[in-house]
J.: 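One structure, pasted below without further comment.
Within every chain, numbering begins at 1; the chains are lettered A, B, ... in the order of the sequence lines, protein sequences first and strands thereafter.
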Protein chains: 2
Amino acid sequence: MNHISIDCVIFGFNNNELKVLLLHLKYSKEYSLPGGFLKYDETLEQAAQRIVRERTGLDKLFLKQFKVFSDPERSKSNKAILDADMAGSKPDKTFFDKRFISVGFYSLVDFRKVKPTPDLFSDRCDWVSLNEDVSMLLDHKQIIQEAISTLRLQLNQQPIGLKLLPRKFTMPELQTLYETILGRDLDRRNFQRKMLNYNILDKLKERKTGGAHKSPYLYSFNMERYQKALEDGLSGIW
Amino acid sequence: MNHISIDCVIFGFNNNELKVLLLHLKYSKEYSLPGGFLKYDETLEQAAQRIVRERTGLDKLFLKQFKVFSDPERSKSNKAILDADMAGSKPDKTFFDKRFISVGFYSLVDFRKVKPTPDLFSDRCDWVSLNEDVSMLLDHKQIIQEAISTLRLQLNQQPIGLKLLPRKFTMPELQTLYETILGRDLDRRNFQRKMLNYNILDKLKERKTGGAHKSPYLYSFNMERYQKALEDGLSGIW
DNA sequence: CCAAAAGTGTTTTCGCTACACCCATGA
DNA sequence: TCATGGGTGTAGCGAAAACACTTTTGG
């Protein structure tokens with residue numbers, strides 16, 4: 001019989017870096033994606049909400065299915081390590097011999113609102129920058145890569161900026177977010193013009209102070225117009 | 001325990017219409033998507049290949065996961081009908097009471113190469129035009145709709161023309177395919193120019209004869225350039 | 001006062017749109 | 001011969017790319 005699990009790639013944006021919320025496993029000293037199993041009367045979406053809620057303290061987050069991972073070898077890819085590290089530890093050793101089919105979800109959250117919370121098997125729950133190359137459980141590194149690819153493709157169809165940024169943000173912050181997801185630089189002036197032409201941002205009177213240079217204006221999303229614009233997709237290729 | 005099933009939306013293009021390969025069930029007289037269960041040592045992709053092979057006689061087809069359907073109610077949506085129609089018939093009645101999680105795949109095939117083959121539960125295997133409104137099992141109608149939406153979104157990222165058309169095809173045929181997927185008309189001349197500008201087609205010396213009017217040129221995809229172009233996505237919004 | 005970041009504007013180029021004319025074919 | 005579909009070309013417009021100058025800020 002197949003086990004259905006869920007793995008969540010929770011993205012946050014902080015300090016001009018895209019980060020993923022990961023659990024640091026007590027026994028294997030590796031990082032793992034927050035995950036869990038589907039309960040009998042849940043939809044996958046409800047299960048993913050539950051998993052994300054338990055790690056972030058937040059409810060009703062933006063979540064999207066992006067791929068199912070079903071390679072029978074996937075639960076074995078790290079088996080040697082697991083066997084060694086988990087000997088005599090709490091989880092049942094044979095548990096990891098079973099086959100897992102995992103549905104990948106990605107989630108977009110406001111970094112500052114999250115309270116990272118470890119689970120029973122982990123000693124820490126950390127935001128890990130995508131630049132950091134940490135050791136990860138099973139095929140979780142690959143799952144993150146797939147999530148980013150999806151994010152890139154859906155940049156114009158999903159409310160990515162809205163969900164990842166705080167309510168008030170600056171244009172350079174929004175641009176860096178786009179650049180991070182796309183993996184390439186964008187022209188500052190063209191970016192700003194294009195964004196403003198979408199007519200989905202409200203320019204606020206305030207500026208962001210405290211930076212070392214000229215203080216940028218703050219913007220916020222105009223929810224109504226943003227929602228409407230997304231229905232057709234924000235035209236244009238970045 | 002959850003059952004994992006697979007449903008395949010097999011698209012073909014014929015007579016200037018987009019069609020789906022469906023099974024006509026013996027007992028319920030409804031149409032059903034070709035589907036099946038995941039075997040223990042298969043990936044989902046391998047299982048989908050197997051399912052599609054059994055219905056079409058073709059191997060190594062283009063297949064793509066597009067969504068997982070996990071609503072606990074989905075196997076019940078047609079339950080009344082099932083209970084009535086299947087009373088006393090072969091499949092175990094309680095079988096359909098269980099919960100099904102189904103992974104949706106779509107496949108793109110060359111219509112002319114397919115040999116539609118029914119399975120044990122069906123008396124026919126038919127190509128059904130998307131315009132026809134036939135009665136369908138469970139939520140299969142909705143699954144087809146989701147497949148088309150995905151197709152539309154991925155029109156510029158997936159080799160949709162290549163897989164759905166025969167090796168040699170005319171520009172009007174390619175255009176009709178695009179129009180069908182997008183659900184709207186396109187300008188004949190602009191379509192041709194844009195397509196040719198992608199530089200992925202080879203114009204052949206031959207023309208297609210037999211039509212009632214001026215004989216159109218035949219084209220074929222230049223595999224090498226097409227493959228390369230798809231990596232970035234064919235830019236532009238149709 | 002100066003380096004670095006941010007605000008703003010202009011020119012040019014390219015692609016998309018909208019349209020018109022001619023040609024070939026089988027009925 | 002003619003209706004229909006298919007091949008091909010062009011003018012105009014708008015969005016995107018490329019690019020420069022000025023302003024603000026903390027150090």
J.: Grab the CG-P distance between Asn16(A) and dA5(C) for me, whole Å please.
T.: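 One finds 11 Å between P of dA5(C) and CG of Asn16(A), rounded.
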J.: What is the separation between atom CD on Gln175(A) and atom P on dG7(C), rounded to the nearest whole Å?
T.: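 Rounded to whole Å, this separation is 10 Å.
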J.: Roughly how many Å is it from CE in Met195(A) to C1' in dA15(D), rounded to a whole number?
T.: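 After rounding, the gap between these two atoms is 15 Å.
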J.: Rounded to whole angstroms, how far apart are CG on Asn197(A) and C1' on dT8(C)?
T.: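 So the two atoms are 14 Å apart, to the nearest Å.
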J.: Measure from OH on Tyr198(B) to P on dC14(C) and round the result to the nearest Å.
T.: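 That distance rounds to 17 Å.
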J.: Any side-chain N or O of Lys194(B) less than 4.0 Å from the OP1 or OP2 oxygen of dC16(C)?
T.: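 Yes, within the criterion.
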J.: Can you tell me how far apart CG (Leu153(B)) and CD1 (Ile148(B)) are? Round to the nearest 0.5 Å.
T.: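 Separation between the atoms: 12.5 Å.
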J.: I need the NZ-P distance between Lys208(A) and dG26(D), as an integer number of Å.
T.: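 It works out to 14 Å between those atoms.
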J.: Please state how far atom CG in Asn199(A) lies from atom C1' in dA15(D), giving the value in whole angstrom units.
T.: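 That distance rounds to 16 Å.
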J.: With a sphere of 6.0 Å drawn around CD of Gln157(B), does it hold more than 12 non-hydrogen atoms of other residues, nucleotides or ligands?
T.: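 Atom CD in Gln157(B) is crowded, with more than 12 foreign heavy atoms closer than 6.0 Å.
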J.: Testing the basics here: between Met136(A) and Leu33(A), what is the closest heavy-atom pair and its distance to 0.1 Å?
T.: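 For Met136(A) versus Leu33(A), the nearest heavy atoms are CE-N, 4.3 Å.
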J.: Enumerate the side-chain hydrogen bond (donor to acceptor under 3.5 Å, both in side chains) contacts for residues 141-155 of chain A, please, sequence neighbours excluded, ordered by first and then second residue.
T.: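 As it turns out, the side-chain hydrogen bond (donor to acceptor under 3.5 Å, both in side chains) pairs with a partner in residues 141-155 of chain A, which skip direct neighbours, are Lys67(A)-Glu146(A), Tyr106(A)-Gln154(A), Asp133(A)-Lys141(A).
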J.: Summarise protein proximity over nucleotides 7-13 of chain D in one line of letters, 5' to 3': B for base, S for sugar-phosphate only, - for none, counting protein heavy atoms closer than 4.0 Å.
T.: BBBB---
J.: From the options Trp127(A), Phe169(A), Phe13(A), select the one residue that forms a ring-ring contact (aromatic ring centres under 6.0 Å, His included) with Phe111(A).
T.: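 The option that passes is Trp127(A).
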J.: Are there over 12 heavy-atom neighbours, none belonging to Glu54(B), within less than 6.0 Å of that residue's CD?
T.: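 Counting neighbours around CD of Glu54(B), more than 12 heavy atoms of other residues, nucleotides or ligands fall under 6.0 Å, so yes.
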J.: When the distance from CD of Glu206(B) to C1' of dG6(D) is rounded to whole Å, what number comes out?
T.: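 These atoms are roughly 17 Å apart.
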